[in-house]
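When a ligand or atom number is given, it counts from 1 through the structure's own listing order.
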Amino acid sequence: MKIVSIVGTRPNFMKIAPIVKEFKKHKIKHILVHTGQHYDFWMSKLFFNELKLPKPDEHLISSGAASRGVDQQRDFLKNLVKVALKRQKPNLVIVVGDVNSTVAGAEAAHELGIKVAHVEAGLRSFDMTMPEEINRIRTDAISDFLFTTEKSGNKNLLNEGIAKNKIFFVGNVMIDTLLKHRKKAKKSKILKELNLFNKGYCVLTLHRPGNVDNKKSFENMLSILEEVGKKIKIVFPLHPRTRKNIKTLGLNGRMRKISNLVLTRPFGYLDFLCLMDNSKFVLTDSGGIQEETTVLGVPCITLRNNTERPVTIEQGTNLLVSTNKNKIVQAVDKIIGGVNIKGKIPELWDGKAAARIVKILKNIKK
Ligand code: UD1
């Protein structure tokens with residue numbers, strides 16, 4: 001049995017790391033393919049170093065794909081992955097998450113007649129304007145093994161007519177990585193470096209096209225930050241998409257005037273984990289951060305109108321408050337005012353998801 005895993009973006013690296021470790025433990029022949037979708041040191045190499053991921057066996061040079069539209073980027077990546085798969089000839093391909101590299105990897109494998117396993121299957125925001133939602137649906141439709149993180153995923157897949165025997169509820173590999181690194185992250189010096197103290201600041205991440213690609217939406221975000229900045233320090237690591245858009249949309253001047261706003265480069269995994277863990281709350285439009293804050297027990301205000309991760313609202317510390325300024329400021333006031341946002345850890349988010357996945361894959365082999 002030869003397995004190829006395909007990764008390409010920052011959140012993929014945290015998800016594949018525990019699976020790679022399990023393969024090593026079970027002496028399973030494994031090849032790591034990096035599509036190159038994320039190519040900056042701060043978005044890629046740093047994570048390989050911190051998570052002790054092996055150097056990719058195939059590192060496809062696809063930075064040229066980034067400047068293209070979503071559809072062209074998917075096709076571009078798919079063709080690159082196909083070449084790598086023809087070289088490697090695996091029996092199974094693993095893809096994780098919902099980014100363009102995920103669907104490109106799944107479709108490349110499927111078109112070559114190779115079986116596909118999707119880790120983090122079944123999540124649905126039911127918002128077809130998100131490229132990630134299209135990626136999820138397309139990937140799940142052609143996957144042979146669908147590993148889910150929460151029960152809503154099983155339900156969504158069954159509703160879409162996916163056979164029950166292909167679906168496995170295994171828990172959350174991203175949380176495997178978080179639990180493994182939490183102690184180490186506590187030693188990070190980032191609070192000292194940025195002159196922050198425990199619970200004396202919030203963390204903000206923003207990169208979804210819906211929030212930052214269009215001037216009106218981005219200006220709405222800035223007006224929210226102007227209000228929040230009057231109440232608490234905001235640490236804002238800039239994603240490359242966001243950084244570029246601030247410049248092209250001409251928002252630099254207004255941004256720089258916001259009080260209490262600390263703009264930084266993207267952080268590594270350990271520094272960012274430390275920052276979230278010590279923050280009063282997190283403001284985000286990311287998917288994974290909604291899950292991580294739930295496990296850390298840190299309140300999370302999600303700057304979106306929907307989430308594909310309902311368990312973080314039903315059981316965790318996630319507050320889905322839309323992108324309405326008044327609603328967000330009210331939620332911030334509630335948290336700063338001391339209202340206790342309590343949650344519990346969702347089922348099977350216990351650090352053993354990768355072990356369950358590999359156990360299932362080993363049994364299939366027989
Ligand atoms: C991608 C994923 C998103 C995920 C996010 C995590 C898709 C459709 N989107 O969004 O789901 O949450 O990654 O970070 O796959 N860029 C750099 N340096 C890099 C990477 C990107 O400068 O290392 C630039 C690109 O040139 C491009 C922009 O950032 O202009 C966006 O990159 P892209 O890969 O299209 O998607 P992300 O916004 O990063």
Side-chain angles (χ1 to χ4, degrees), residues 6-16 34-49 51 56 59-78 80-81 95-108 118-120 123-125 127-139 174 177 203-214 217-218 221 236-249 264-269 272 282 284-292 300 302-304 306-309:
I6 294 165
V7 291
T9 68
R10 184 170 62 176
N12 290 163
F13 311 139
M14 289 82 112
K15 291 170 193 170
I16 208 66
H34 188 329
T35 66
Q37 185 181 344
H38 281 178
Y39 47 90
D40 283 358
F41 171 84
W42 302 106
M43 301 294 286
S44 177
K45 181 81 185 354
L46 177 59
F47 287 79
F48 273 73
N49 297 347
L51 302 173
H59 199 151
L60 314 175
I61 307 300
S62 67
S63 53
S67 53
R68 297 161 198 243
V70 179
D71 286 332
Q72 291 145 312
Q73 190 188 37
R74 286 184 191 121
D75 281 350
F76 188 94
L77 293 171
K78 183 175 82 180
L80 283 179
V81 172
V95 294
V96 296
D98 59 11
V99 301
N100 283 348
S101 296
T102 310
V103 68
E107 290 183 353
H118 183 206
V119 175
E120 205 185 87
L123 296 179
R124 296 290 182 267
S125 65
D127 175 358
M128 296 297 273
T129 65
M130 286 176 79
E132 294 83 357
E133 183 73 354
I134 315 269
N135 292 346
R136 292 179 201 119
I137 293 169
R138 275 167 66 166
T139 305
M174 198 166 196
T177 298
V203 179
L204 166 73
T205 83
L206 215 53
H207 77 283
R208 296 244 159 246
N211 283 333
V212 303
D213 279 8
N214 149 303
S217 314
F218 208 149
M221 288 294 144
F236 186 12
L238 289 177
H239 185 281
R241 171 190 286 280
T242 313
R243 191 186 56 218
K244 275 184 200 168
N245 289 354
I246 291 170
K247 218 173 142 196
T248 49
L249 299 174
T264 73
R265 58 163 172 77
F267 294 108
Y269 185 71
F272 192 67
V282 172
T284 192
D285 60 4
S286 143
I289 291 175
Q290 298 170 44
E291 300 183 333
E292 290 173 329
C300 176
T302 295
L303 304 169
R304 286 171 46 187
N306 53 54
T307 180
E308 58 289 333
R309 291 157 159 94

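Ion pair Arg304/Asp285 not flagged as a salt bridge, since none of the NZ, NE, NH1 or NH2 atoms sits closer than 4.0 Å to an Asp/Glu carboxylate oxygen. One finds no salt bridge joining Asp213 and Arg208 here, because no Lys/Arg side-chain nitrogen approaches an Asp/Glu carboxylate oxygen to under 4.0 Å.
Interface atoms of ligand 1 facing Glu132, defined by a heavy-atom separation under 4.0 Å, are 3 (C), 9 (N), 11 (O). Residue Met43 has at least one heavy-atom neighbour below 4.0 Å for each of these atoms of ligand 1: 14 (O), 23 (O). Taking every heavy atom of Gln73 and a limit of under 4.0 angstrom, the matching atoms of ligand 1 come to 34 (O), 35 (O).
Ligand 1 has no N or O atom lying under 3.5 Å from any N or O atom of Thr9, backbone or side chain. When only interatomic distances are considered, the shortest N/O to N/O separation between His207 and ligand 1 falls below 3.5 Å. Among the atoms of Tyr39, some N or O lies under 3.5 angstrom from an N or O of ligand 1. By the 3.5 Å distance cut-off applied to N or O atoms, His38 is counted among the residues near ligand 1.
The salt bridge (Lys or Arg N to Asp or Glu O under 4.0 Å) check on Arg124 picks up Asp140, Glu160, with sequence neighbours excluded.
Ligand 1 lies less than 4.0 angstrom from a heavy atom belonging to Pro11.
When Val99, Asp40, Asp98 are ranked by how near their heavy atoms come to atom 2 (C) of ligand 1, first place goes to Val99.
To the nearest 0.5 angstrom, Glu292 atom CD is 9.0 Å from Thr177 atom OG1. Annotation: the span from Gln37 atom CD to Gln73 atom CD amounts to 4.5 Å, rounded to 0.5 Å.
For Phe13 and His38, the distance between ring centers is not under 6.0 angstrom.
Using modelled atom types and a 3.5 Å distance limit, the side chains of Thr284 and Gln290 yield no donor-acceptor pair.
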